[in-house]
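Down below is the structure, laid out as C-alpha cells.
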Amino acid sequence: MTGTNTTLIGKGTFARGVHPPHRKSFAEDAQIEIFPTPKQVIIPLIQHIGAPCKLAIEPRVDVRVGDILGEAGGFVSAPIHASINGKTAKTVMRTLPTGRHVSCVPIKADGEQLEGQALWDDVFGGDWPTTGLEKYKQEEIQKAVSDAGIVGMGGAAFPTHVKFAKNDKKPIDTLIINGCECEPYLTSDYRLMVEAPAPIITGALLAAQAVGATNIAIGVEDNKPKAIEILKKAAEGTPVKIVPLKTKYPQGGERSLVPAVVNRTIPTLGLPLDVGVVVINVGTATAVARAVLRRKPLTHRIMAVTGAGVVNPKNLLVPIGVSYSDVLEFCGGFKPDAARAVSGGPMMGFTIGDMDSPVTKGTSGLTILTHDEIKKAAETTCVRCGRCVDVCPLGLVPTKIAMASKYKAWDTAKAYSLLACVECGSCAYTCPASVPLVQLIRIGKALMPKE
Amino acid sequence: MTITIILAAAIMLILALLMGYVLGWANVKFHVFVDPRITAISKALPGANCGGCGYVGCNEYAEAIVNDGADVNLCAPGGDGTAEAIAEIMGVEIGSSIPSRPVVHCSAISSQRLKQNEYLGEQTCTAANLVAGVQGCVYGCLGFGDCIDACDYHAIKIIDGLAQIDYQNCVGCGACVKACPRNIISMVPFKSNKILAVKCASKDFGKEVSDVCEVGCIGCKACAKNSERFTMDGNVPVIDYENYDPENDSMDIVLEKCPREMLIWVGRDVS
C-alpha cells in the first residue's frame, strides 16, 4: 500500500480562486493552551446541519463530562454532550452567530474538573496506534462516530456519521483529510497538525476503513511547511499520503480540494461522494480517533483567537459551550481599535452580535478585526469586467446570479445555478466596484421560492 | 389633370367602401361575447390592480365574479361602496363585510430594542434578517422598511425604527404581510375603527424577552387570566377577533394587569 499511488493525480491546485493576505502570523506560533474550566458553559441543542436534538436531561441534575444532554433528532443529526462537570439549569434561548435562535442547556461548573495537561492527555495525548485497526468494522466505527456526536469541525458542522454510512451505489475509493485551512487568520488546524499529528493519522486510517477507501491523503497548503513535515513523519509506515497544495483561497473547500488531490470534478449541485471521495477535516479526524479508540464524545475543540484587534492572540483547547466573551477575556480582551468580532475567519465567518453566545462544535476561531480592516468601500455600478467570473472556484457567473437575486428574477438565478454557490466570498473580495455579490447571493438563496 | 384627380378619388372611394364592408362583416363574424356585467363590474372596481382580492388585477376579479361566482366583497381598496355596486350589478345581497387591516406585531421603537449592533450590510429587512445580532430580538421589527416598498398606498411609515400603519390610507390589500421577512404583520378584522392588538411576536419567555426588549411580551398570561378574549399561543397571547366586540368588551382590566407595553389600540380613531 505504501508504494506508488496512481489515483492521487491531482495538480495540487484548482482553477480560479483568489489570494487574500494570509494574516496567520498573529497566532501561528502560539502553542495550544488549555483553557481553564469556565464557571459556566451554555451548550446549544443544535450545533450541526440537520434536525435539532431532543433534550435528554432534566434541569438541575449533576452531569459529568461526556454525559448526553440531547439525543439526535434524526439520521442527519448528532447528539450533544456535557463538556464540563457540573449542574444543569433550565434551558435558555441564545442566538448563535449564524443567526440561529436555539435552545441551550447551561451547565454550572461544580466539583473536580479535568484541567491542564491531564485534559490535553485525555483529548490528544497518549498512544495512537496506526496498526491493528482492522478489528474495527464499518458499522462499529459509524456507530461510535454517531454516538460521539461528531460533526464536521471545519465550520459547516455536517454530521460525520452520515458520510460514513454504507452506500453500495456510490463506492468510495479515496478519503481526503482537509488540512488546508485556507481561511485567512485562522491557525487552529495548523496548530493541531503540528502538535497532535498522531490522532490525525489514526483518525484518517479509521475513517478510511469506515468508508472503504484505499487511498488516503491529507491535503495541506504549502504555506504550512512545518505541518507538512511533521505529518509526513507521523505518517511514515502508513498508507496515508501528505499532499502539499498550492496556497490559494478557497483551497479548503471540497470543490477545490477534490480536483486538486485526485483530479476529479464534483458535478454542480453534487457531492464529493458522486466522484468516490469523502472529505473530512483534520479536527474531525482526531475526534473520530478519540471516539472509536477511547469511546469519548466530542466535547472539546481547538479554536484560534486571533486578529489585529485582540491583545494576546492564542490557540486554545476549549470546552464546547464556553462563551466568546470568556475566551476573549482569557486572551486579554479587545485592543482599543477592535471593531468587529467574527466567528471563524473573515471570508466565510459570521459576525458575532452577542459575545455571550457559545462556542459550538463548528467554531474554528474567533477573529477580531480592527476599524481599518472592516472599512467598507462605496458600492458603485457593475462595470461587467468579469473578474468575479475569473475567480469563482465553481465556475459560476456571480454578477449574473447576484443581480438576479437582487431583482428577484428567479428563473435567471436558477438557470445560473444560484444554489450551487458555496458562499466562499471570492467574488465579493475581488469586485473592483465593491458590489456585495456574495451577500446578494445569500439573500437570493433565502428568498427564492422553494419548489 | 382633372381626370387624374377624379380617378384617384374614385379609387379611394371604392377602396373605402370595400374595406368598410370587410370591417363590418368581420365585426359580425368574429364577434366575441363579453358579458356586459364584467364590463360593468370592471368599471365599478377602483382599478388599483393591487391583487388584494387574490386575483391578478381588477379585470380578472370581475371575470371571476361573473364566471366563477367569486364573493363580491373581496375588494379591499373599494370597501363597502364597491361591494354594494357589484352586488347590484350581480343582483345579490351582501352581508356587511368586516374590513381586514394589517397589524404590526411589534411595539418596540428603536431605543426600546436592546443588544443592538451596528449593521453595515444591505439596508433591507430581508438582508438584515439573515445575520445575527442586528438587534437582540429575533422576532421584532427590523425597521428597514421592506413593507414600505411593498405598499402602494403610502400607508406605512417607519417611525423611530418601527413600522407603523397609517389606517387613514391603508386599504387592506395585504401586500405588507407578504413583504415582511419576519412575518410579524398579520391581517386582522377591524370591527371598529379602534381595536386592541397584541403588538409582540416573541416566542421567548420572561427574562429572555426582557433582556432584549423593554416592552415585549414576557408571557405572564395576565391577559388570558383576566379576559376570555385572550388565549395563549406558546408564550404570546392572541386575541379572539371572531368574538371580540370592540364596542362592548371592556379591556381596562387587561390593560391594567399587563406589566408590559405591547397591548396597544390600533385603528383610524386612535390618536
Side-chain angles (χ1 to χ4, degrees), chain A residues 42 44 89-104 106 324-325 339-344 349-358 360 369 371 373-379 402 405-408 423 428 434-449, chain B residues 51 106 110 113-147 149-150 175 177-184 200-213 216-219 234-236:
Chain A
I42 292 178
K90 222 176 131 208
T91 58
V92 294
M93 298 301 289
R94 282 284 183 280
T95 308
L96 302 181
T98 52
R100 264 190 125 142
H101 193 59
V102 298
S103 179
C104 308
Y324 288 104
S325 49
R340 183 183 291 174
V342 179
S343 165
F350 297 93
T351 301
I352 301 170
D354 179 3
M355 288 299 282
D356 290 333
S357 57
T360 64
L369 303 173
H371 285 105
E373 288 171 306
I374 65 159
K375 251 191 287 184
K376 202 182 164 197
E379 183 185 337
S405 299
K406 187 168 181 175
Y407 298 108
K408 304 189 171 63
E423 303 171 17
S434 300
V435 177
L437 293 163
V438 70
Q439 291 83 343
L440 289 171
I441 292 172
R442 266 169 60 80
I443 295 168
K445 281 188 182 178
L447 284 184
M448 187 156 92
Chain B
C106 178
S110 201
R113 297 182 211 143
L114 310 175
K115 293 200 179 172
Q116 290 187 27
N117 291 290
E118 187 186 18
Y119 171 66
L120 300 171
E122 283 281 289
Q123 298 292 307
T124 64
C125 302
T126 310
N129 192 35
L130 290 178
V131 299
V134 177
Q135 63 197 34
C137 180
V138 297
Y139 304 99
C141 180
L142 286 157
F144 292 104
D146 285 13
C147 46
D149 296 340
V177 176
K178 291 178 207 138
C180 180
R182 290 197 154 179
N183 298 319
I184 56 165
C200 181
S202 177
K203 294 187 176 73
D204 290 351
F205 185 73
K207 189 171 180 302
E208 281 147 17
V209 178
S210 53
D211 277 351
V212 296
C213 182
C217 174
I218 52 171
N235 287 324
V236 66

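In what follows, every chain begins at residue 1, and chains take the letters A, B, ... in the order their sequences are listed.
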Select one option (side chain, backbone, both, neither) describing which atoms of [X] are under 4.5 Å from chain B's heavy atoms.
X: A/P97; result: backbone
X: A/S357; result: neither
X: A/L440; result: side chain

If I take atom [atom1] from residue [X] and atom [atom2] from residue [Y], how far apart are they, to the nearest 0.5 angstrom?
X: A/D356; Y: B/K115; atom1: CG; atom2: NZ; value: 5.5 Å
X: B/N129; Y: A/L447; atom1: CG; atom2: CG; value: 9.5 Å
X: A/R94; Y: B/D204; atom1: CZ; atom2: CG; value: 10.5 Å

Give the minimum heavy-atom separation between [X] and [Y], together with the two atoms involved.
X: A/T95; Y: B/A132; result: CG2-CB, 4.0 Å
X: A/T91; Y: B/E208; result: O-OE2, 4.1 Å
X: B/L120; Y: A/R340; result: CD1-NH2, 3.4 Å

Heavy-atom side-chain proximity of [X] to [Y] below 4.5 angstrom:
X: B/V138; Y: A/M93; answer: no
X: B/E122; Y: A/E379; answer: yes
X: B/L130; Y: A/I443; answer: yes

(request) Check the surroundings of atom NZ in B/K203: do more than 12 heavy atoms from other residues, nucleotides or ligands lie under 6.0 Å from it? (result) no

